[in-house]
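Report on one structure; see the data block that follows.
Quick note: numbers below take in every heavy atom, side chains included, and nothing from hydrogens, waters or symmetry partners. If you read the sequence from its start, that first residue is 1, and numbering goes on from there. As the structure lists them, so they are numbered: ligands from 1, and atoms in each ligand from 1.
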Amino acid sequence: MAPADKAEGKRPDEFTLIEEVFAPLAADAPGAFALKDDAALYRAGEGCETVLTVDAIVAGVHFLPDDPPESVARKLLRVNLSDLAAKGAIPKGYLLVTAWADETSLGWIRRFAGALLEDQRRYGLALWGGDTVRTTGPLTLSLTAIGEVSAGAMLPRGGALEGDDVYVSGALGDAALGLELLRGKLTGLGPEDADYLIRRYREPDPRSTLGPRLCGIASAALDVSDGLLADLGHICDASGKGARIERDRLPLSDAAKRAIERDSSLFSFVAGGGDDYEILFTAPAAMAGQVKAAATESAVAVTKIGCISGAGEGVTLVDGSGRSIPLKQLGYRHF
Ligand SMILES: [Mg+2]
């Protein structure tokens, strides 16, 4: 990291940093003991199971060194909230490990913590504990999110059955196109479209209102982080099934549509790009009405994009006339 605001202050020692900057993030969690004890105390609700997920991000690898600290904070928390949502879980708390690089300033850390606090309030969870250290390498951050789901209701990867419908929330490809823009490999878009796509890359929108409503409806679910086709492959592998996806049903934002109208090869980012953080799930055809109701109640768009086929059929993408589209033709790089 090379934050421009280095002048905003030298970092204080670990204890002062925790007390001044991070303890306020634990204020709403009595079991966090204001981050002054060695561990936190937590009791899951009656009849609930605890769902845990963790992610680590490294400057220069998972985020760009000049990304604003607010975006880094939101991405770190939200990728974990996306995993909880895809499992049907309601977020409760999180643990945070920060390894500050020598050049990370106090100003950068304050902005990072401020954005975490805003997002905590938005998604209804609190900081429960963690650790803060320094590193001689790049800034490294790890967050463990803890959520709850009714016992036995967590949405698995491996529950898809032949004939189930395949659905995805929101829109696909925005984040991958946003990353291309940030890398300077995609140009000529209108400034509003460019801003929209970049924001979708930097600040995912976890589908926290939708996920828990899919418990008892979806047969399998995960969040799209590796790209639609790769992640659908994960559901198919875990379920021992194949899937058939209709290209013309894949949901696109207006910004992505305009980008693809100018250059149709960009469609490969819709099917194969990563970082969408949308929920990809399967549900029996008889559940179509319940899926629609869950989408309406959660105010998240859900689109049916295909169906689950038999074992050994793999994941196929078909065009409007039902012909299989060779994945190579998409310029899809992961296969
Ligand atoms: Mg995931």
Original post:
Hey, which protein N/O/S atoms does the Mg ion (ligand 1) have under 2.8 Å?
Top reply: Asp83 OD1, Asp223 OD1
Subject >> Partner residues of Asp254 under the salt bridge (Lys or Arg N to Asp or Glu O under 4.0 Å) criterion, sequence neighbours left out >> reply: Lys257
Original post:
Of all residues at least two apart in sequence or in a different chain, which pass the salt bridge (Lys or Arg N to Asp or Glu O under 4.0 Å) check with Arg262?
Top reply: none
Original post:
Looking at Arg207 and Tyr277, what are the two nearest heavy atoms and their distance?
Top reply: CG-O, 4.4 Å
**OP:** Write down the atom of Val315, the atom of Cys236, and the distance for their closest heavy-atom approach.
**Re:** CG2-SG, 4.0 Å
**OP:** Please round to the nearest 0.5 Å and tell me the distance separating atom CZ of Phe63 and atom NZ of Lys75.
**Re:** 10.5 Å
Residues 47-61 side chain polar contacts: donor-acceptor under 3.5 Å, at least two apart:
{"unit_1": "Glu49", "atom_1": "OE1", "unit_2": "Gly152", "atom_2": "N", "d": "2.9"}
{"unit_1": "Thr53", "atom_1": "OG1", "unit_2": "Asp83", "atom_2": "OD2", "d": "3.4"}

